[in-house]
J.: 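Below: one structure in structure tokens.
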Protein chains: 4
Amino acid sequence: MPLPAPLTGVVPPLCTPLTPDGRIDTGSLAALTGRLIAAGVSGLFVLGSSGEAAYLTDAQRRTVVETVAEAAAGRLPVLAGVIDMTTPRVLEHARQARGLGADAIVATAPYYTRTHPAEIADHFRRVRDGAGLPLFAYDIPMAVHTKLPADTVVTLARDGVLAGLKDSSGEDGALRRLLVRVRAQAPDFAVLTGSELTVDGALLAGAHGVVPGLGNVDPHGYVRLYEHAAAGRWREAAAEQDRLAALFALTDAGDPAVMGRNSSALGAFKAALHLQGVIACPATAPPQVPLDEAAVGRVRRCLEEAGLL
Amino acid sequence: MPLPAPLTGVVPPLCTPLTPDGRIDTGSLAALTGRLIAAGVSGLFVLGSSGEAAYLTDAQRRTVVETVAEAAAGRLPVLAGVIDMTTPRVLEHARQARGLGADAIVATAPYYTRTHPAEIADHFRRVRDGAGLPLFAYDIPMAVHTKLPADTVVTLARDGVLAGLKDSSGEDGALRRLLVRVRAQAPDFAVLTGSELTVDGALLAGAHGVVPGLGNVDPHGYVRLYEHAAAGRWREAAAEQDRLAALFALTDAGDPAVMGRNSSALGAFKAALHLQGVIACPATAPPQVPLDEAAVGRVRRCLEEAGLL
Amino acid sequence: MPLPAPLTGVVPPLCTPLTPDGRIDTGSLAALTGRLIAAGVSGLFVLGSSGEAAYLTDAQRRTVVETVAEAAAGRLPVLAGVIDMTTPRVLEHARQARGLGADAIVATAPYYTRTHPAEIADHFRRVRDGAGLPLFAYDIPMAVHTKLPADTVVTLARDGVLAGLKDSSGEDGALRRLLVRVRAQAPDFAVLTGSELTVDGALLAGAHGVVPGLGNVDPHGYVRLYEHAAAGRWREAAAEQDRLAALFALTDAGDPAVMGRNSSALGAFKAALHLQGVIACPATAPPQVPLDEAAVGRVRRCLEEAGLL
Amino acid sequence: MPLPAPLTGVVPPLCTPLTPDGRIDTGSLAALTGRLIAAGVSGLFVLGSSGEAAYLTDAQRRTVVETVAEAAAGRLPVLAGVIDMTTPRVLEHARQARGLGADAIVATAPYYTRTHPAEIADHFRRVRDGAGLPLFAYDIPMAVHTKLPADTVVTLARDGVLAGLKDSSGEDGALRRLLVRVRAQAPDFAVLTGSELTVDGALLAGAHGVVPGLGNVDPHGYVRLYEHAAAGRWREAAAEQDRLAALFALTDAGDPAVMGRNSSALGAFKAALHLQGVIACPATAPPQVPLDEAAVGRVRRCLEEAGLL
């Protein structure tokens with residue numbers, strides 16, 4: 001389906017349910033898709049960081065795009081992450097995603113290698129040209145270890161190379177300056193915040209929507225938050241955000257002495273989806289450390305306190 | 001004067017005007033103080049990063065506290081930065097500040113050295129005990145290269161060690177989680193954002209006030225922004241913030257090929273104050289690189305576009 | 001061929017010659033292989049950072065392993081980089097490499113994701129088990145953004161999970177402590193430095209060999225350096241290293257204002273190989289910026305000063 | 001006394017003994033000075049990172065310079081650290097040090113603030129001019145969070161602004177390239193490595209000497225290492241370095257779960273000096289966490305294994 005310009009609303013980055021032996025659980029993935037659509041989200045982002053894109057083989061990535069595109073059945077746009085290190089590798093993923101029904105792709109700057117703004121711009125231009133799909137830039141310095149330069153984003157937005165930005169930089173000050181610039185220069189460009197704890201402020205600042213990992217667990221909450229903001233009910237939006245900020249504590253469920261931050265956060269999202277009965281198995285991909293019983297207990301308490309269990 | 005608990009509103013971090021030969025320009029500093037008070041700010045923060053505290057000798061620091069305390073004359077609380085590497089050195093500054101009339105002090109975590117959350121907590125406890133003045137923690141990872149751990153801040157707030165926090169981390173997501181926690185556990189604790197580009201969002205999230213470097217240049221703008229937010233006029237607050245975000249472009253006036261970020265930003269603040277007729281000389285302390293004529297022209301244009309000249 | 005235990009000597013990380021239209025230039029790659037073998041190196045490392053592994057598609061990676069394995073024809077061990085973000089993806093590369101004739105594989109810690117020492121150890125154990133080939137750990141924090149913990153390396157060495165380490169961390173102090181430990185605890189474990197500017201010191205400290213990107217350009221120099229060290233001719237080794245340190249200036253040929261560090265360094269290696277008549281075309285993979293004429297001139301001068309042209 | 005040009009040999013950065021109530025223990029400091037001179041060191045560096053300069057008040061710093069200058073009594077040059085954030089503050093320390101008998105000063109680049117190579121160069125020029133003493137640059141990115149640019153160092157060396165460099169960057173590859181350049185362009189410029197684990201390699205590369213924190217604990221070891229190297233006995237130098245690398249494990253004595261790296265390393269140096277009977281009390285300055293009994297036991301075992309107890 002054609003992508004709205006700009007894309008707005010809640011676009012959750014779908015978790016990727018796995019079977020106990022590590023295959024894609026397509027049934028659970030379709031169920032998650034259905035739940036999110038029913039909650040009123042406006043797009044589906046597969047193969048992002050919350051979708052464990054970094055941990056999936058190319059065959060698994062294909063299965064994910066295919067499954068969600070089929071489950072969405074044209075009701076909502078499907079954005080596919082094409083996370084890889086450089087242009088030639090990203091282009092391979094992009095062509096696959098297009099053939100499998102994705103409506104847009106989401107790419108980061110080059111990583112692993114030491115890059116430069118001119119190379120980043122060239123990268124996005126080549127990916128846009130080669131993919132034949134609308135392209136979103138994914139700004140996630142925590143993973144990529146560079147921040148997308150604002151000038152690069154504005155130029156690519158104005159030139160129509162980029163359809164939008166997913167900003168997971170957490171740098172809301174830089175985001176504010178960018179919003180002021182693109183509003184004037186590229187009005188169809190969608191700015192989606194990936195900072196799930198400051199969505200009210202980002203929407204107040206003019207962001208078009210949000211890509212919240214926590215939206216897997218509480219899609220209704222983010223849809224309410226977005227609707228409050230869209231209607232100018234800022235106090236209510238802030239109260240909803242406060243509730244979601246408290247719920248976000250579930251991402252700290254895993255003990256940092258024995259696992260990395262991704263193991264804890266992605267493990268908690270999946271444990272929550274499992275406790276909620278949305279997915280069949282909470283397993284994450286190796287080498288992530290599974291949450292133990294105590295950690296799952298902490299996830300359960302967060303859900304209970306938020307009224308989700 | 002006793003500090004309100006919690007401190008709220010606009011608390012600008014005063015620039016420190018210098019004479020052409022590098023001495024404190026006490027006349028200009030008193031004039032700046034008067035201008036800020038007239039604009040309706042609710043406190044005065046001297047010897048912060050915007051005040052070039054890192055560049056001033058101990059004697060100059062004393063002159064600054066003395067000058068502003070005298071000019072404020074008890075109308076507003078004066079908070080004094082006590083920026084130094086470790087506890088014993090910070091305590092020396094704290095005792096000086098107290099003797100010269102400061103109403104509160106503002107200290108960072110230890111830096112230069114490699115520290116630990118337990119040491120950071122002990123540092124603040126010792127500074128609070130030794131200083132005999134209300135203590136604000138200054139979270140500025142860009143300078144200090146550690147982020148204050150949320151658990152440490154909450155504990156010190158609850159224990160009454162800290163009267164408040166100046167959060168210049170730019171991590172508004174972490175700030176949101178902190179606000180949810182301290183609201184419940186330490187209601188008198190003041191959270192002031194130092195992120196001058198996301199003040200509307202921070203106030204919507206429950207922050208008590210703002211410490212904006214740009215508030216030297218446009219104190220009325222920040223006071224209006226704060227008052228809109230306090231009255232629930234969020235669209236108006238956001239519009240004011242947008243205007244200030246555009247004005248913030250003046251901090252990019254200096255050419256990054258020939259000077260550091262501090263030279264550009266602090267040089268621009270002082271150039272603006274000079275163009276506005278508030279201070280007599282725009283000089284910054286060595287080894288900062290002065291703005292050249294072209295850069296000052298860029299500052300002037302930013303002021304004109306913002307309606308300040 | 002079976003890998004010597006420990007592997008010693010000069011193991012250059014081969015550049016990957018490309019045709020003007022971006023395909024693998026197998027003829028040039030075979031020629032480079034032959035040149036390195038003739039110079040007396042003791043192993044061949046393909047698909048490392050110098051080999052532009054981050055920029056090659058999976059099909060191109062297969063071509064590289066196949067071409068070099070065939071050209072080497074069992075005369076020297078071929079180590080294949082299996083550079084990817086996490087265990088499942090690395091295992092796919094590892095199985096490919098094994099099927100194509102690689103004698104060992106070289107893997108980094110997980111990247112893009114936020115990981116933990118326990119996950120890193122588990123990652124290497126799973127890769128070793130799944131690959132069925134000797135495994136070298138590749139410590140390259142510049143790309144991966146974590147440093148391999150010494151305790152992890154020692155444990156995995158002692159357990160036989162790792163056959164060796166390629167240390168491109170540049171942290172020669174940490175390397176020294178590691179060497180003292182593994183010498184006592186895992187005598188068959190090979191420690192190869194990837195720091196091409198401190199090879200004399202590393203060999204003096206007990207390292208077994210070197211993986212020098214610059215060895216593409218001057219393999220004889222590194223072989224001489226290694227032989228001097230092996231014979232205890234330390235002054236001669238240092239003089240050779242000094243000459244190579246001066247030659248290394250060619251990696252600065254590209255203008256940092258218009259390109260990233262990888263574009264400059266890898267572009268310079270390939271320009272040098274082209275000037276030396278080893279490869280047919282100096283092209284690097286997109287989105288790297290090609291060296292312009294002035295930059296190639298700087299490479300030429302470095303080669304002339306080093307007596308290589 | 002006039003400084004040799006270049007300064008060579010072992011120049012230990014003296015620990016600063018404290019009394020149990022936190023004053024400078026001048027008797028112990030004089031005893032430490034005497035011990036180091038007797039061991040054959042060639043210079044004394046006070047108020048460096050190992051000397052807890054970051055933790056001492058200005059009055060304490062004065063006491064340290066005065067005490068060591070008096071104890072040295074002109075037998076060896078005394079280099080004084082003038083560690084502070086920017087030029088005006090560094091100059092205050094420099095004037096004090098000169099008046100108290102220091103023979104040279106050691107300054108870092110500006111820190112806390114965001115700086116630029118042009119500002120760094122200007123900083124050193126102003127400090128050299130204002131101090132009237134030979135100036136060493138102290139490259140310690142771990143504390144200062146910038147690396148001294150090689151071009152800046154070479155220019156300042158050639159211009160006579162800098163008498164030498166203390167390189168605690170740990171980047172031995174960059175050091176090698178620098179050594180090749182200054183040897184040709186500034187032969188009187190002293191390059192001293194602060195990387196106490198790669199001294200043999202640094203001397204082989206042409207460094208003039210070493211500033212080893214561990215030299216407080218085992219000055220004879222570093223003097224032997226230097227003398228082996230000076231005589232071309234490289235195998236013996238490497239064996240001595242290996243022994244010292246094993247001894248360096250004492251810096252890990254403190255539990256990283258409860259203290260920072262400085263607490264552990266500086267605490268261990270002082271615990272060792274106390275166990276050796278050189279200083280009267282092992283206390284470190286607040287807010288460092290003292291070593292507990294178990295940690296002191298680990299220090300003792302390291303000393304025993306190294307034959308120092």
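In what follows, every chain begins at residue 1, and chains take the letters A, B, ... in the order their sequences are listed.
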J.: Do other residues, nucleotides or ligands put more than 12 heavy atoms under 6.0 Å from A:R23 CZ?
T.: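 No - once you tally the heavy atoms of other residues, nucleotides and ligands closer than 6.0 Å, there are 12 at most.
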J.: Most heavy-atom pairs under 4.5 angstrom with chain A, which of C:L91, C:D84, C:V258?
T.: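 Counting heavy-atom pairs under 4.5 Å, the top option is C:V258.
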J.: Can you check whether C:M259's main-chain N or O pairs, donor with acceptor, with A:E119's side chain at less than 3.5 Å?
T.: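 Side chain of A:E119 to backbone of C:M259: no pair is present.
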J.: In terms of heavy-atom proximity below 4.5 Å to chain C, should A:A118 be classed as side chain, backbone, both, or neither?
T.: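 Contact with chain C: side chain only.
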J.: Heavy-atom pairs under 4.5 Å with chain A: which of C:R125, C:R114, C:E92 has the most?
T.: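 Max contact count across the listed options: C:R114.
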J.: Using a cut-off of under 4.5 Å on heavy-atom pairs, state which of A:I83, A:L266, A:I120 scores highest against chain C.
T.: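 The candidate making the most pairs under 4.5 Å is A:I83.
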J.: Just give me the residue among C:Q60, C:E52, C:H145, C:M142 that pairs up with chain A most often, heavy atom to heavy atom, under 4.5 Å.
T.: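 Result: the option with the highest number of such pairs is C:H145.
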J.: If you measure from OG on A:S264 to NE2 on C:H116, what distance do you get to the nearest 0.5 Å?
T.: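 The distance works out to 11.0 Å.
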J.: With only heavy atoms counted, which part of C:T113 is less than 4.5 Å from chain A, the side chain, the backbone, both or neither?
T.: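 For C:T113, the contact with chain A is made by backbone and side chain together.
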J.: Heavy atoms only: give me the nearest A:R89-C:D58 pair and the separation to one decimal.
T.: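 Nearest pair, atom of A:R89 first, then C:D58: NH1-OD1, 2.8 Å.
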J.: Measure the shortest side-chain to side-chain distance between A:H123 and C:P286 over non-hydrogen atoms and say whether it is less than 4.5 angstrom.
T.: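 Not touching, per the 4.5 Å side-chain cut-off.
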J.: Is C:P256 in contact with chain A via its backbone, its side chain, both, or neither, using a 4.5 Å heavy-atom distance?
T.: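 For C:P256, the contact with chain A is made by the backbone alone.
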J.: Give the minimum heavy-atom separation between C:T86 and A:A54, together with the two atoms involved.
T.: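 Residues C:T86 and A:A54, closest heavy atoms: OG1-O, 2.7 Å.
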J.: Relative to chain A, which segment of C:R126 carries a heavy atom at a distance below 4.5 Å: side chain, backbone, both, or neither?
T.: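 Side chain only.
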J.: Any luck finding a side-chain donor-acceptor pair between C:Y55 and A:T87 under 3.5 Å?
T.: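 No donor-acceptor contact under 3.5 Å links the two side chains.
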J.: Which pair of non-hydrogen atoms, one from C:Y112 and one from A:S49, has the smallest distance, and what is that distance?
T.: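 Result for this residue pair: OH-OG, 3.4 Å.
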J.: Which residues in residues 288-299 of chain C have any heavy atom closer than 4.5 Å to a heavy atom of chain A?
T.: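 Hits under 4.5 Å: C:Q288, C:V289.
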J.: Let me know if C:P88 has heavy atoms under 4.5 Å from chain A in its side chain, its backbone, both or neither.
T.: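 For C:P88, the contact with chain A is made by backbone and side chain together.
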J.: Go through the atoms of C:A257 and report whether side chain, backbone, both or neither lie under 4.5 Å from a heavy atom of chain A.
T.: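 Only the backbone of C:A257 comes within 4.5 Å of chain A.
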J.: Name the option with the most non-hydrogen atom pairs under 4.5 Å to chain C; the candidates are A:T57, A:D122, A:L56.
T.: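 Highest number of heavy-atom pairs under 4.5 Å: A:T57.
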